[in-house]
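Below you'll find the structure, written out as structure tokens, and then a few comments.
Side-chain atoms are counted along with the backbone in the values below, which use heavy atoms only and exclude waters and symmetry mates. None of these values were measured; they are calculated from a predicted model. Quick note on labels: first sequence line is chain A, next is B, and so on, each numbered from 1.
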Number of protein chains: 2
Amino acid sequence: MDQGQALASFGALSQETRLQIVRMLVVAGPAGMAAGTIAEKLEVSPSNISFHLKELDRAGLISQQREARSIIYSANYHALGELVRFLMEDCCAGHPEICAPAAAVAACCAPSAKG
Amino acid sequence: MDQGQALASFGALSQETRLQIVRMLVVAGPAGMAAGTIAEKLEVSPSNISFHLKELDRAGLISQQREARSIIYSANYHALGELVRFLMEDCCAGHPEICAPAAAVAACCAPSAKG
DNA sequence: TCCATAATTCAACAATCCTTGAAATATTGA
DNA sequence: TCAATATTTCAAGGATTGTTGAATTATGGA
């Protein structure tokens, strides 16, 4: 991920509705969620949620696929992982002080950890 | 770090000049850099750099201290670390797929790693 | 084909953000 | 105090972003 990509990602995540969409889709997993369901849960109008979904898609943080009448959105795990990596390595130059809390989280969730 | 704090941080990092300032200050370390020096290196006008430094300060990502005629800015490592943690744990729900690349970076720079 | 459902697109407007240059503030030294 | 340096503040304008509701597109079933 280059700096331009990171800028777009940060911009996409800097809006409350969009950050909530991403958090929701991450929890939803690969099954994803229909646009209408997202709008309902977040209590946002269909046209507004559509606008924000398009922004997230443009930034590459989510992807979509039609399923019957619905359009299912899901989080792009790879892009989110790359963003974390950019923030730690490229932006924060791998400084231990910055990476320490991240390392703690990584230790809990990494497949090679004790779990 | 709560969601509001994260939103402010993402907003602050979503602008090219500001992202460059942060990257520069992280590399500069605790010694920091004077506003004028930052402006010079990034080829941005003094008033413009001042605007962006204020935005980063408001988001808590950098801090300042006067030294003679200069005002020295430095990266807030703790805030950056918390942002990485938020992105991995709160936003990305600790998903291994997302954390994997981060774990790799963490392994290289963490003080408790093999180094 | 016709209707209902699901979502997007569009235009208009409001709100926010960025840039610019001039003026103001703070510090230092003569 | 005066001048020079370093930076910030301010106001104006332009650019971008977010919101709204109406119109449009796409799908599936009677």
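- Residues passing the side chain to side chain contact (heavy atoms under 4.5 Å, CB included) test with B:Ala28 are B:Met33, sequence neighbours excluded.
- When rounded to the nearest whole Å, the span between CG of A:Leu53 and P of C:dT9 equals 11 Å.
- Spacing between atom CG of A:Asp57 and atom C1' of C:dA7 amounts to 14 Å, rounded to whole angstrom units.
- Distance alone, capped at 3.5 Å, is enough to place a donor-acceptor pair between the A:Ser9 side chain and the A:Gln5 backbone.
- With axes fitted over five pairs at each extremity, the angle between the ends of the helix from C:dT1-D:dA30 to C:dA30-D:dT1 is 10° (10° resolution).
- For B:Ser74, the side chain to side chain contact (heavy atoms under 4.5 Å, CB included) partners at least two apart in sequence or on another chain are B:Ser63.
- Atom CZ in B:Arg58 sits about 12 Å away from atom P in C:dT16, given to the nearest Å.
- Under the ring-ring contact (aromatic ring centres under 6.0 Å, His included) criterion, B:Tyr77 pairs with A:His95, not counting sequence neighbours.
- For the pair A:Lys54 NZ and D:dG18 P, the computed distance is 12 Å after rounding to whole Å.
- Closest to the side chain of A:Ser70, from the set C:dA6, C:dT8, D:dT8, is C:dA6.
- Applying the 4.0 Å criterion to OP1 and OP2 of D:dT8, one finds that B:Tyr73 has a side-chain N or O inside that range.
- Annotation: side-chain hydrogen bond (donor to acceptor under 3.5 Å, both in side chains) contacts involving residues 34-47 of chain A, sequence neighbours excluded, are absent.
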Do any N or O atoms of the protein come closer than 3.5 Å to N or O atoms of nucleotides 13-16 of chain D, and which pairs are they?
none

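- Listed by first then second residue, pairs satisfying side-chain hydrogen bond (donor to acceptor under 3.5 Å, both in side chains) with a partner in residues 14-32 of chain A read A:Arg18-A:His52, A:Arg23-B:Gln3, not counting sequence neighbours.
- In this structure, A:Leu42 places its CG atom 13 Å from P of C:dA7, rounding to the nearest Å.
- Partners of B:Ala35 according to the side chain to side chain contact (heavy atoms under 4.5 Å, CB included) rule, which considers only residues two or more places apart in sequence or in another chain, are B:Leu53, B:Tyr73.
- Looking at heavy-atom distances under 4.0 Å, B:Ala39 makes no contact with the nucleic acid at all.
- In this structure, B:Leu7 atom CG and C:dT16 atom P are separated by 15 Å, rounded to whole Å.
- Take B:Ser70 and apply the side chain to side chain contact (heavy atoms under 4.5 Å, CB included) test, not counting sequence neighbours, and it matches B:Ala34, B:Ile72.
- Note on B:Phe51 and B:Leu56: separate hydrophobic clusters, where clusters join Ile, Leu, Val, Met, Phe, Trp and Tyr whose side-chain heavy atoms are under 4.5 Å apart, directly or indirectly.
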Do nucleotides 18-29 of chain C as a string where each nucleotide becomes B, S or -: B if the base has a protein heavy atom under 4.0 Å, S if just the sugar-phosphate does, - if no protein is that close.
SBBBB---SBB-

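- For A:Ile49 and C:dT9, the CD1 to P distance is 15 Å, given to the nearest whole Å.
- Residues passing the salt bridge (Lys or Arg N to Asp or Glu O under 4.0 Å) test with B:Arg58 are B:Glu55, sequence neighbours excluded.
- Between the CD1 atom of A:Ile21 and the P atom of D:dG18 there is a distance of 11 Å, given to the nearest Å.
- Partners of A:Asp90 by side-chain hydrogen bond (donor to acceptor under 3.5 Å, both in side chains), not counting sequence neighbours, listed by chain and number: A:Arg85.
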